[in-house]
Amino acid sequence: MDPNYDPQKIEAKWQARWEQMKLFEADIDPARKKYYVLEMLPYPSGDIHMGHVRNYSIGDALARYMWMKGYNVLHPIGWDAFGLPAENAAIKNQRHPAEFTFSYIERMRGQLKRLGFSYDWRREIATCVPEYYRWNQWFFLKMYERGLAYRKKSRVNWCSLCQTVLANEQVVDGCCWRHEDTPVIQRELEQWFLKITAYTDRLLEDSQYLVRWPERVLTMQQNWIGKSFGTLVDYELLGLGEKLRIFTTRVDTIFGCTAVFVAPEHPIVERLIAASPNPAKLRAEAERIKASAVRARVGVDLEKLGVDTGFKAVNPYNGEAVPVWLANFVLMEYGTGAVMAVPAHDQRDFEFCTTYGLPIRTVIVPSNSGGAELTPPSEGAGGGAPKEAFIEYGRLINSGPYAGLSSEQAIERMTRDAEAQGFGKGSVQYRIKDWGVSRQRYWGTPIPIIYCETCGIVPVPEKDLPVILPRDVKLTGQGESPLANVPEFVATICPTCGGPARRETDTMDTFVDSSWYFYRYTDPKISTAPVNRQAVGYWFPVDQYIGGIEHAILHLIYMRFFSKVMQDIGLVDFPEPVARLFTQGMVIKDNVKMSKSKGNVVDPTEMCAKYGADTVRLYMLFAAPPEKDLDWSDAGIEGASRFLNKVYRLVAKHADKLCPVGVWKNSGDAGTAELSAEERRLLRKTHQTLHHVTSDMEGRWHFNTDIAMAMELVNELSDLDSAAEAGKIRPEVHKSAIEDLILILSLFSPHIADELREALGHSETTQQVAWPEYDPVLSAEDELELPVQVNGKLRGRIRVAVGAGEEEIRSRAQAEEKVAQHLNGRQVVKIIIVPQKLVNIVVK
RNA sequence: GCGAAAGUGGCGGAAUUGGCAGACGCGCCAGACUUAGGAUCUGGUCCCGCAAGGGGUGGGGGUUCGAAUCCCCCCUUUCGCACCA
């Protein structure tokens with residue numbers, strides 16, 4: 001065995017051997033328990049970054065542990081290979097996106113292999129190949145058949161840098177999710193949508209199955225879906241013979257309505273302008289409000305602006321005519337685009353009405369006011385002007401027949417009355433919108449739709465799939481679909497009438513690709529269906545999914561939606577595909593996320609060349625618990641490297657001697673009795689470490705503490721080294737401790753573990769060994785050092801046998817020299833003995 | 001503004017159930033070996049104090065024999081939401 005640790009050599013050797021042994025290839029085996037470990041698939045951007053390394057090191061530790069626990073482990077990887085960056089790079093460099101993508105995949109595959117992750121590479125997928133994306137098209141057609149994919153013209157989010165449409169989920173603070181400083185603009189476009197809103201209730205309800213998902217993710221999803229119960233109420237517009245519908249969750253406050261606010265984009269605005277005595281003026285004002293509203297959505301704090309249209313609307317509950325205003329803060333995309341203004345009980349209305357001098361009328365008082373006091377607390381005892389709206393539920397006043405009711409009762413009764421009298425009804429509104437999937441870009445899945453002059457929208461027949469993305473396309477990045485300029489792609493014949501027709505030229509959002517890829521891994525080559533039902537039946541659900549939290553309302557909600565559609569189609573028979581989700585923290589450096597734009601990127605491949613993959617991976621897991629952000633430190637990785645060197649030297653030093661001997665096994669009481677003090681000490685530490693690591697691997701996953709324990713074990717081995725050399729530790733015992741250490745290490749730094757295990761005379765790899773059970777007898781202490789407190793302050797320590805009785809502990813504690821000094825002359829009130837932990841003597 | 005999480009040495013972090021605060025690593029200090037040390041090994045390293053002792057987990061209060069941990073108030077940071085009617 002080489003006396004010097006050479007990670008480059010060792011890692012190449014074991015990676016080749018693992019591959020040759022087909023160690024990580026898992027196949028269906030109904031006789032064995034399965035375990036599916038999934039990590040979020042990378043986008044082939046050119047290089048693996050530290051965030052990937054962290055993600056995949058966590059998954060690999062788990063996968064290796066589960067293999068050793070005897071599970072049949074599915075651990076796949078693939079490529080989220082369609083997308084904008086490749087297309088943009090292609091435009092810049094006058095090359096084809098496919099060239100970039102495939103060469104980047106090639107390079108990143110090499111980098112992943114260099115890191116030694118235990119993937120079943122036979123299952124690798126790339127979403128940009130027709131064998132994969134044809135099934136995106138297939139899903140699209142299935143959804144189309146079910147009315148879940150539809151086309152409509154609407155205002156959509158447009159990023160001027162991406163030169164394409166974005167889904168609502170891809171807009172962050174009014175800006176593009178990929179370009180934080182680029183405000184999204186609104187455009188009217190014909191687009192394809194997937195009807196995720198048809199699944200809102202199931203997405204909410206089925207959260208009950210996701211008990212092993214982080215609460216935070218579920219909350220974010222809930223908020224994103226934004227379900228709220230309320231009432232639709234029709235106001236009649238005087239002089240127009242038209243109704244204006246509003247949505248409110250607080251119909252109980254409607255007797256306090258002093259105006260109606262309408263979004264500047266609302267269709268009724270055109271009618272108002274037309275009927276206005278001064279149309280030009282009203283139009284100009286509407287435009288001004290609209291312009292301020294667009295700015296408002298991007299900005300944080302905005303001034304509430306509005307304009308009185310001069311029209312009046314009639315509140316059907318009390319027949320009162322109130323003015324109709326255009327208001328910049330009213331959203332066209334939520335509810336009906338119009339709201340009733342109740343300044344006394346809505347803070348926004350309050351601010352607006354205060355600004356414009358609209359009346360404020362109190363109709364709710366706190367329930368505990370007993371009905372006697374008719375003034376809300378916000379109006380102040382002196383009867384001065386209120387400073388804010390009273391927005392709580394309470395009791396109704398000044399509300400005609402409903403006065404005296406509680407808010408809850410009133411909402412129910414008033415909604416029912418509206419329905420009975422035909423001017424309104426109960427309604428549920430959602431914040432989430434349907435998923436716009438059309439993209440005016442090239443590098444994506446063609447949408448399998450044909451437009452025929454005579455037949456209209458015609459889906460591509462299933463037998464004609466895939467619709468191949470043509471290779472020769474002129475890419476300009478100029479905001480129109482590149483496919484539109486490929487006549488041989490566009491020109492087709494109508495599958496229904498056989499006449500000339502043209503193809504849809506938009507491509508799909510790449511989040512479609514990643515919404516079902518993890519099903520494909522279970523049988524990546526199947527050509528007759530997107531997924532193999534039998535394989536899914538064996539491997540699903542995903543037992544553990546690991547990735548970044550940034551996908552909480554993107555991928556992680558789309559993926560759940562897709563699974564529900566798949567359930568409805570009959571492809572799978574469960575509602576939720578992922579049993580347990582883990583979101584790891586970011587890798588940061590100098591207090592900010594590592595990113596090219598910040599120029600603080602540490603390249604994993606360079607780190608592998610310098611320290612070896614084992615060191616990089618060990619450091620990633622040691623520097624912080626996995627759910628927290630990890631602060632990169634150059635000094636820190638040196639420490640990890642030093643540790644592995646130390647382990648290597650320690651084993652190398654004894655390898656020749658230990659190689660031929662057998663491993664000590666505990667044969668029960670007799671075996672334990674014959675251990676020397678040093679042997680006892682070494683085995684105790686070993687089994688305490690095993691105990692900690694084993695229970696931690698079962699779910700807590702604080703790998704940093706596992707590695708710290710392994711370091712302590714190494715320190716113990718090092719301290720006992722001279723005892724081992726002096727024969728006070730038998731080689732068999734020594735070897736047993738070292739082998740357990742190696743198995744623990746194999747979860748985090750597998751190459752060095754296999755190398756060291758081989759040096760000890762084994763032919764199988766660590767991953768093929770059963771995970772060692774910890775021995776409670778060996779890990780138990782036989783003597784304890786108990787701290788002794790006097791009035792809660794540490795005063796001394798006593799050593800007692802584990803089985804020592806309370807009487808003995810009591811007297812020993814009081815007799816301890818320093819303790820006795822503090823007891824001197826004081827009366828002992830109570831002695832608290834916490835078994836195995838401490839003694840506290842209370843005196844006065 | 002609302003919601004969530006967090007705040008522990010010079011730094012990353014540990015303390016799994018209310019029971020020795022600071023494991024482990026980094027850094028630093030001293031020493032050994034060495035032609036040399038950015039290798040390795042040994043010892044030290046929360047603060048004040050010569051010591052005895054005292055103080056200490058963002059700040060203040062509380063519960064308890066005992067609080068980093070539980071409760072109340074406040075401050076700070078990060079993340080999410082932010083006119084969703």
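Computation of the quantities below employed the complete heavy-atom set of this structure, encompassing side-chain atoms and omitting hydrogens, waters and symmetry-equivalent molecules. Per chain, numbering begins at 1; letters A, B, ... match sequence-line order.
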Residues from residues 836-844 of chain A lying under 4.0 Å of RNA chain B - heavy atoms: A/Lys837, A/Leu838, A/Asn840, A/Val842

Pairwise C1' distance for B/C2 and B/U57, with rounding to whole Å: 29 Å

Euclidean distance, A/Arg216 CZ relative to A/Ile549 CD1, rounded to 0.5 Å: 3.0 Å

Residue pair A/His266 / A/Gly337: nearest heavy atoms and the distance that separates them: CD2-O, 3.4 Å

Nearest to side-chain heavy atoms of A/Ser228, which nucleotide of B/G25, B/A23, B/A85: B/A85

Proximal nucleotide (of B/C81, B/C65, B/C24) relative to the A/Arg431 side chain: B/C81

Between P of B/A85 and CZ of A/Arg245, the distance in whole Å: 17 Å

Between P of B/G25 and CD1 of A/Ile637, the distance in whole Å: 17 Å

Integer-rounded Å distance: B/C26 C1' and A/Glu638 CD: 11 Å

Steps toward salt bridge (Lys or Arg N to Asp or Glu O under 4.0 Å) verdict (A/Glu712, A/Lys685): CA-CA 8 Å; A/Glu712 287 187 50; A/Lys685 189 77 189 174; 2.8 Å; yes

Residues A/Glu725, A/Lys653; criterion side-chain contact (heavy atoms from CB on, under 4.5 Å); working and verdict: CA-CA 11 Å; A/Glu725 294 203 50; A/Lys653 181 177 173 189; 2.9 Å; yes

Please tabulate the protein-to-nucleotide N/O contacts below 3.5 Å involving nucleotides 8-13 of chain B, giving atom names and distances.
from  : atom 1 : to       : atom 2 : distance (Å)
B/G12 : O2'    : A/Ala623 : O      : 2.6
B/G13 : O3'    : A/Asn704 : ND2    : 3.3

Heavy-atom donor-acceptor pair, A/Ser399 side chain to A/Leu396 backbone, under 3.5 Å: no

Bracket string, RNA chain B, 5' to 3' - pairs by Watson-Crick or G-U geometry under 3.5 Å, | interstrand: (((((((..(((......[....)))((((((.......))))))(((....)))..(((((..]....))))))))))))....

Sugar-phosphate, base or nothing in reach of A/Gly639, heavy atoms under 4.0 Å: sugar-phosphate

Aromatic ring pairing A/Tyr356/A/Phe352, orientation class (parallel under 30°, perpendicular over 60°, tilted between): tilted

Pairwise P distance, B/A5 and B/C11 [rounded to whole Å]: 26 Å

First of A/Val834 and A/Arg700 reached from the 5' end of RNA chain B, by closest nucleotide: A/Arg700

Under 3.5 Å donor-acceptor, A/Arg245 side chain and A/Tyr235 backbone: no

Spacing of the P atoms in B/A67 and B/G80 (rounded, Å): 37 Å

A/Lys227 side, atom NZ; A/Tyr430 side, atom OH - distance, nearest 0.5 Å: 4.0 Å

Whole-Å gap separating P (B/A82) and CE (A/Met220): 10 Å

Salt bridge (Lys or Arg N to Asp or Glu O under 4.0 Å) against A/Glu781, all qualifying residues, sequence neighbours excluded: A/Arg684

Interatomic distance at C1', B/G58 relative to B/G53, whole Å: 27 Å

Of the listed nucleotides B/A21, B/A85, B/G80, the one nearest the side chain of A/Thr248: B/A85

Closest listed nucleotide, where the reference is the side chain of A/Asn715 and the choices are B/C24, B/C65, B/A85: B/C24

Protein-nucleotide distance (A/Asp719, atom CG; B/C41, atom C1'), rounded to Å: 12 Å

Where the chi angle of B/G9 falls, syn if within 90° of 0 and anti if not: syn

Selected nucleotide, minimal atom distance to A/Thr705 side chain, candidates B/A15, B/G19, B/G80: B/A15

Could I get a table of every N or O pair under 3.5 Å where one atom is in the protein and the other is in nucleotides 3-5 of chain B?
none

Side chain of A/Tyr334 (C-beta onward), nearest among B/C65, B/A85, B/A23: B/A85

Spacing of A/Thr197 atom OG1 and A/Lys433 atom NZ [to the nearest 0.5 Å]: 8.5 Å

Gap between atom CD of A/Gln221 and atom CG of A/Leu203 - 0.5 Å precision: 7.5 Å

Sugar-phosphate only, base, or nothing, as touched by A/Ser633 at under 4.0 Å among non-hydrogen atoms: nothing

Nearest-Å distance for atom pair CD/P, residues A/Gln222 and B/C2: 21 Å

Atom pair distance, as rounded to whole Å: CG in A/Leu794 and C1' in B/G56: 15 Å

Distance, P atom - from B/A15 to B/G22, rounded to whole angstrom: 13 Å

Spacing between A/Arg797 atom CZ and B/A21 atom P, to the nearest angstrom: 8 Å

Heavy-atom donor-acceptor pair, A/His702 side-chain to B/U16 base, under 3.5 Å: no

Closest-nucleotide 5' rank along RNA chain B - winner of A/Arg649 and A/Val339: A/Arg649

Per A/Arg642 side chain, nearest of listed nucleotides B/C65, B/U40, B/A85: B/U40

Which atom of A/Ala259 lies closest to which atom of A/Cys257, heavy atoms considered: O-SG, 3.2 Å

Spacing of A/Tyr334 atom OH and A/Ser228 atom OG [to the nearest 0.5 Å]: 3.0 Å

B/A14 versus B/A85 - spacing of their P atoms, nearest Å: 40 Å

Euclidean distance for C1', B/G9 against B/A68 (whole angstrom): 14 Å

Spacing of CD belonging to A/Glu627 relative to CD1 belonging to A/Ile58, to within rounding of 0.5 Å: 9.0 Å

Minimum side-chain heavy-atom gap A/Val693-A/Tyr65 below 4.5 Å: no

Trace of the side-chain contact (heavy atoms from CB on, under 4.5 Å) decision for A/Tyr317 with A/Val233: CA-CA 9 Å; A/Tyr317 282 94; A/Val233 181; 4.2 Å; yes

Option passing ring-ring contact (aromatic ring centres under 6.0 Å, His included) with A/Tyr619 (candidates A/Phe643, A/Phe748, A/Phe703, A/Trp632): A/Trp632

A/Arg560 to A/Trp224, cation-pi by 6.0 Å centre distance and 45° axis angle: no

Quick test: give all pairs of protein nitrogen or oxygen and nucleotides 47-54 of chain B nitrogen or oxygen below 3.5 Å, distance rounded to 0.1 Å.
from  : atom 1 : to       : atom 2 : distance (Å)
B/G54 : OP1    : A/Arg795 : NH2    : 3.4
B/G54 : OP2    : A/Arg795 : NH1    : 3.1

Gap in Å between the two C1' atoms, one belonging to B/U17 and one to B/G10, rounded: 33 Å

